[in-house]
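The structure displayed is predicted, hence computed values, not measured ones.
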Amino acid sequence: MPVNKGQAALSLLAVAALLTVIQYLGLLPEWLHRLPEAVIPNFAGWLDAIFNFVKDDMGLLVFTRTLTEGLEWLLDASANIFFGKRRWPNIGPMSWTALTAAVAVVGYYLGGWRLALLAGGTLVWTALIGQWKIAMQTVSVLAISVPLAFVIGLSLGIAAWKYAWVDRAIRPILSVLQTLPFFTYLLPAVIFFKVGPTAGAVATTIYAIPPMILMTTLGLQKVSEEVVEAGKMSGCSKFQMLRHVYLPSARTEILVGVNQVIMLCLAMVVLTAFIGMPGLGAKLLAMMGSFKLGRSFEIGVTIVLLAVTLDRMSKAWVVKQPEHFERGTPFWKRHRMLLLGVALFVFFSLLSRVVPIAAEIGRGQDLSQGRELDDLIKAFLNIEWVKATTGFLRAFLNVQVLIPFRNFMLSIPTPAFILLIAAFALALAGRKQAIYAVIFFGFVALSGWWDRAIITLYSVIAAVALAALIGLPTAILAARSEKWSVRMLLVCDTAQTFPSFVYLIPAIMLFGITDIAVIFSILVFATVPLIRYTIEGLRTVPPEMTEAADMSGATRMQKLWNVQIPLALPTMAIGFNQAIMFAFFMVIIAAFIGTQDLGQELQRTLAGTDLGKNFVLGICVALMALTFDLTIMKWAADKKRALGLP
């Protein structure tokens, strides 16, 4: 008789609890509590040997440095155009007024006057606040990395759609790439492509490729048979079918992929400040490191405005349908917005030759209020009720909740912890996911970084639990009315465009360099998907189900708990999964605050050439994240199928 998976999970839980109790009694052998160092394989050393062989003996370093020359040429040309680096084509820099006018016209073309105001206003803010040059340093790298990621991702997406073996080969690689911490991308980029913009562009490009591949494949798979048949009947060749039938039909999904590429590139190019990439990220890192929170706040606002602008413009591009004109329509009518943009660009470029402030706002001319903001922030933090609140939260959460929880997780013997994770995976998803959990966490145990991994996991679990306490009630209340649902989803959409570095600013402002600042920054980042998917789940409950509950005389609370939440759970589970993935990503960034987890060790590897150690640490984070991802997504799929939901 087959064993029920719930009973099997309880058995694993019981064994884990027994091992933990024996440990507390002091009767568990030390080798069962933590693996002895003698039996831990030297994964880092082996990987270093492999990397060195590939890098030196097989000539990969020579090959990548050859590629570097071409990439450096592109980056230098882009830098010359955007902020005036003395390189070919020697035509830069563009004046801030000319670029602002051109971008405002593009915004108007894509989304009307509101988007034009947002796009133009963002660049005006950037110039007036004295951050134009550092912003253009960031944009100059985006101008190269986004097209590169798009072309590579589109090509691989087409190959994965066309050839099943390519799809099977790259799927697991994409899963790992999407869960690897960003520090794992940085060190190989530095070793193979030099420190600075080149390494930053490479790391940014690789980081942004996966969603482009996935969205391209998805879009091409969804092309209807009728459209394909029409293309074949018109006598199209294979290339013509791809160029004129498949790609136009998959336009929406491909442009969604472009949106994801742009946002990931912006997020990553800010984080490449850790490897010497100049720009907004480097300035923010320097200001936060010297605790100049006013200036940090200004730079954070600029990054957020750029992110929101790029997000809104790329999303507007997705929904905007191509314009069609009758044969014989004059060129100026067909391209009037293009001509307007070019005319304004030329006008302001010429004006900047005559009026210096139209070309560049000098150091003494900007409107930066960094010092004043510093004083305001310090004054706010010195208000008695603010000091009392943050002091209470630091004392209560640290002493009564976080530290005891961390110590409890560290006290659990390694095999007992692996059994706990396996029980969780088995109960929610099934035997296959439980086996994956044992293998993945078994590797973490064998890596030699178990305690650091548990501290990482403690931060993730604590932050997501607190985020759920805040986010779920907020989402349930918002979902009661259409108006508040729309408003809250708009807030979530906006918050999701914020580069993760920005979330560190309020955490440091309120709690300084402490554990609670780490948890707070992760909590804010992870709350967004919880709220978003809970609202979407509750709003997509079939109306006939709620009407049946109303007719049976159910109260609002009964309807919520017995009808709406059970039907919304599969969608809410995706929100939990996203929150956990976001938390794993953010906990690595929070290493900047000062932690004792894998993120801190990963950050240390950037100062040297420990590529093997860097990769082992990154794989540990990726495997822990993949365990939760595979388990929760399988549970959500099973629940949807059981409820008969699409």
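Here the CD1 atom belonging to Ile361 is positioned 7.0 Å from the CG atom belonging to Leu367, to the nearest 0.5 angstrom. Leu310 contributes atom CG, which lies 6.0 Å from atom CD1 of Ile262 (distance to the nearest 0.5 angstrom). Taking CD from Gln603 and CD1 from Ile589, the interatomic distance works out to 11.0 Å, rounded to the nearest 0.5 Å. Distance check, rounded to the nearest 0.5 Å: CZ of Phe82 to CG of Asn80 gives 11.0 Å. For the atom pair CD1 of Ile275 and CZ of Phe193, the computed distance is 11.5 Å after rounding to the nearest 0.5 Å.
Around NZ of Lys613, the count of heavy atoms belonging to other residues, nucleotides or ligands within 6.0 Å exceeds 12. The 12-atom threshold is not exceeded at CD of Gln596, counting heavy atoms of other residues, nucleotides or ligands nearer than 6.0 Å. Atom CE of Met58 has 12 or fewer neighbouring heavy atoms from other residues, nucleotides or ligands inside a 6.0 Å radius. More than 12 heavy atoms of other residues, nucleotides or ligands sit less than 6.0 Å from atom CZ of Phe192. Atom CZ of Arg371 has 12 or fewer heavy atoms from other residues, nucleotides or ligands within 6.0 Å.
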Give every donor-acceptor pair under 3.5 Å between a side-chain atom in residues 342-357 and any protein atom, sequence neighbours left out.
unit_1 : atom_1 : unit_2 : atom_2 : d
Ser349 : OG     : Phe345 : O      : 2.7
Ser352 : OG     : Phe348 : O      : 3.4
Ser352 : OG     : Ser349 : O      : 2.6

Show me the donor-acceptor pairs within less than 3.5 Å that the side chains of residues 97-114 make with the rest of the protein, sequence neighbours left out.
unit_1 : atom_1 : unit_2 : atom_2 : d
Thr97  : OG1    : Ser95  : OG     : 3.4
Thr97  : OG1    : Ala358 : O      : 2.7
Thr100 : OG1    : Trp96  : O      : 2.6

List the atom pairs, with distances to 0.1 Å, where a side-chain N or O of residues 195-209 and a protein N or O form a donor-acceptor pair under 3.5 Å, not counting sequence neighbours.
unit_1 : atom_1 : unit_2 : atom_2 : d
Thr204 : OG1    : Gly200 : O      : 2.6
Thr205 : OG1    : Ala201 : O      : 2.7

With a cut-off of 3.5 Å and sequence neighbours excluded, list every side-chain donor-acceptor pair involving residues 117-132.
unit_1 : atom_1 : unit_2 : atom_2 : d
Thr122 : OG1    : Leu118 : O      : 2.8
Thr122 : OG1    : Thr309 : OG1    : 2.8
Trp125 : NE1    : Thr302 : OG1    : 2.8
Thr126 : OG1    : Thr122 : O      : 2.8
Gln131 : OE1    : Thr302 : OG1    : 2.4

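Under a 3.5 Å cut-off, the side chain of Ser78 and the backbone N or O of Leu74 do not form any donor-acceptor pair. Between the side chain of Asp597 and the backbone N or O of Arg452 there is no donor-acceptor pair closer than 3.5 Å. A donor-acceptor pair under 3.5 Å is absent between the side-chain atoms of Thr179 and the main chain of Ala625, judged by distance alone. Judged by distance alone, with hydrogens and angles left aside, the side-chain atoms of Asn52 form a donor-acceptor pair with the main-chain N or O of Asp48 at under 3.5 Å.
Residues Phe585 and Pro181 form no side-chain contact, since every pair of their non-hydrogen atoms from C-beta on lies 4.5 Å or further apart. Contact check for Leu218 versus Leu214: no side-chain heavy atoms found under the 4.5 Å cut-off. You'll find the side chain of Thr184 reaches within 4.5 Å of the side chain of Phe615, heavy atoms only. Within the 4.5 Å cutoff, no side-chain heavy atoms of Pro93 are placed close to those of Met136. A 4.5 Å side-chain heavy-atom check between Val319 and Thr252 finds every atom pair outside the cut-off. The shortest distance between side-chain heavy atoms of Asp167 and Lys162 does not fall below 4.5 Å. Within the 4.5 Å cutoff, the side chain of Leu617 has no heavy atoms near those of the Val621 side chain. Side-chain contact between Ser175 and Leu626: present, with at least one pair of heavy atoms (C-beta onward) separated by less than 4.5 Å.
For Gln578 and Arg532, the side-chain atoms include no donor-acceptor pair closer than 3.5 Å.
Considering all non-hydrogen atoms of both residues, Ser296 and Leu284 come closest at O-CD1, 3.5 Å. Heavy-atom minimum distance, Ala149 versus Val261: CB-CG1, 3.8 Å. Here the closest heavy-atom approach between residue Ile505 and residue Gly300 is recorded as CD1-CA, 4.1 Å. Scanning both residues, Leu373 and Phe297, for their nearest heavy atoms gives CD1-CD2, 3.9 Å. The heavy-atom pair separating Met287 from Ile299 by the smallest distance is CG-CD1, 3.9 Å. Closest of all the heavy-atom pairs between Ala507 and Ala517 is CB-O, 3.3 Å.
Among Leu489, Val528, Val308, the single residue meeting the side-chain contact (heavy atoms from CB on, under 4.5 Å) criterion with Thr494 is Val308.
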Are Leu154 and Ile254 close enough, and set up right, to give a side chain to side chain contact (heavy atoms under 4.5 Å, CB included), and what steps lead you there?
CA-CA 8 Å; Leu154 183 71; Ile254 290 171; 4.1 Å; yes
Trace of the side chain to side chain contact (heavy atoms under 4.5 Å, CB included) decision for Arg243 with Gln240:
CA-CA 5 Å; Arg243 170 68 181 84; Gln240 288 172 329; 5.7 Å; no
Walk me through whether Met586 and Val524 qualify under side chain to side chain contact (heavy atoms under 4.5 Å, CB included).
CA-CA 10 Å; Met586 192 66 195; Val524 176; over 6 Å; no
Under the side chain to side chain contact (heavy atoms under 4.5 Å, CB included) criterion, do Val139 and Val269 qualify, and how do the steps go?
CA-CA 9 Å; Val139 170; Val269 82; over 6 Å; no
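In terms of the ring-ring contact (aromatic ring centres under 6.0 Å, His included) criterion, residue partners of Trp161 (sequence neighbours excluded) are, by chain and number, Tyr246. Scanning for salt bridge (Lys or Arg N to Asp or Glu O under 4.0 Å) contacts around Arg312 gives an empty result, with sequence neighbours left out. Partners of Phe525 by ring-ring contact (aromatic ring centres under 6.0 Å, His included), not counting sequence neighbours, listed by chain and number: Tyr503, Phe582. By the ring-ring contact (aromatic ring centres under 6.0 Å, His included) test, His244 is found to be paired with no residue, residues two or more places apart in sequence or in another chain being considered. For the side-chain contact (heavy atoms from CB on, under 4.5 Å) test, residues two or more places apart in sequence or in another chain that qualify with Ala583 are Val460, Val464, Ile522.
Glu360 has no carboxylate O lying under 4.0 Å from a charged side-chain N of Lys133, or vice versa, which leaves the two without a salt bridge. Salt bridge status for Asp374 with Lys378: absent, with no side-chain N to carboxylate O gap under 4.0 Å.
Contacts classified as salt bridge (charged side-chain N to carboxylate O under 4.0 Å, His left out) and involving residues 294-308 (residues at least two apart or in different chains) are given here: Arg295-Glu298. Residue pairs satisfying the side-chain hydrogen bond (donor to acceptor under 3.5 Å, both in side chains) criterion with at least one member in residues 255-273, sequence neighbours excluded, are listed as follows: Asn259-Asp311, Asn259-Ser314. A salt bridge (charged side-chain N to carboxylate O under 4.0 Å, His left out) check over residues 250-268, counting only residues at least two apart or in different chains, returns the pairs Lys222-Glu253.
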